[in-house]
Amino acid sequence: MKINNLFIIAYLVNFKKLINIAIDKYSAVEKTSVREAIANQYDYQFIDFGLFYRYVSYYHNDYSIDQIKQIFNKEQILKLINSIKHFDEEQYRELGIRAAQISTNNKLHDIINKTIRKIVKNKGFVVVEHDITTLCLPNAEVKIILLADLKTR
């Protein structure tokens with residue numbers, strides 16, 4: 001990323017809660033580190049798309065799509081989703097495996113996209129996921145695309 005782009009991002013982010021930031025690309029390119037740095041520095045909330053899958057795979061493995069829609073419509077959904085982060089490393093890894101298995105469910109993917117779009121209408125969010133800038137937040141005011149070659153990753 002060019003220095004000029006960093007200044008533009010810093011300028012935009014300083015307009016507290018007026019924009020959303022989408023961080024996109026493959027795993028192992030430090031999306032989470034960048035997200036945390038931006039969110040912490042500018043007091044933004046962050047959303048990790050993958051936590052939605054982990055939440056469903058842990059708490060609602062047997063629920064129907066309609067039941068999951070109802071749960072995701074709850075006012076405090078981000079608090080519920082973020083509760084997954086408190087598991088130990090082994091539990092979190094196991095949840096990741098189960099989440100990967102259910103991530104192929106297109107209906108669930110659409111529900112998560114719609115839920116995130118609904119949440120970020122209030123602005124002030126940093127959202128991380130592969131393809132987040134095209135599939136979920138095409139209108140994000142700031143889009144950060146992280147790249148790394150296979151050897152670096």
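When a residue number appears, it is its place in the shown sequence, counting from 1.
For the atom pair CD of Glu90 and CG of Leu95, the computed distance is 11.0 Å after rounding to the nearest 0.5 Å. In this structure, CG in Leu78 is found 4.0 Å from CD1 in Ile119, a value given to the nearest 0.5 Å. Taking CG from Asp48 and CD1 from Ile116, the interatomic distance works out to 8.5 Å, rounded to the nearest 0.5 Å. Taken to the nearest 0.5 Å, the CZ atom of Phe46 stands 11.5 Å off from the CZ atom of Phe125. Taking CG of Asp110 as the reference point, atom NZ of Lys69 lies at 9.5 Å (rounded to 0.5 Å). Taking CD1 from Ile84 and OG from Ser57, the interatomic distance works out to 7.0 Å, rounded to the nearest 0.5 Å.
No donor-acceptor pair under 3.5 Å is formed between the side chain of Gln70 and the backbone N or O of Gln67.
Residue pairs meeting the ring-ring contact (aromatic ring centres under 6.0 Å, His included) criterion with at least one partner in residues 70-110, sequence neighbours excluded, are Phe49-His109, Phe52-Phe72, Tyr58-Phe87.
Contact check on Arg98 versus Glu94 returns no salt bridge, with no Lys/Arg side-chain nitrogen under 4.0 Å from an Asp/Glu carboxylate oxygen.
Across Tyr53 and Ala99, no two heavy atoms sit closer than the pair CB-CB, 3.6 Å. Ile102 approaches Leu108 most closely through the heavy-atom pair CD1-CD2, 3.8 Å.
Using a 4.5 Å cut-off on side-chain heavy atoms (C-beta onward), Asn73 and Lys118 make contact. Side-chain contact between Asn105 and Ile65 is present, with heavy atoms from C-beta onward closer than 4.5 Å.
Tested against Lys123, the residues Asn20, Ile19, Ile21 include a single side-chain contact (heavy atoms from CB on, under 4.5 Å) partner, Asn20.
By the neighbour-count criterion of 12 heavy atoms within 6.0 Å, atom CG of Asn106 is sparsely surrounded, having that number or fewer from other residues, nucleotides or ligands.
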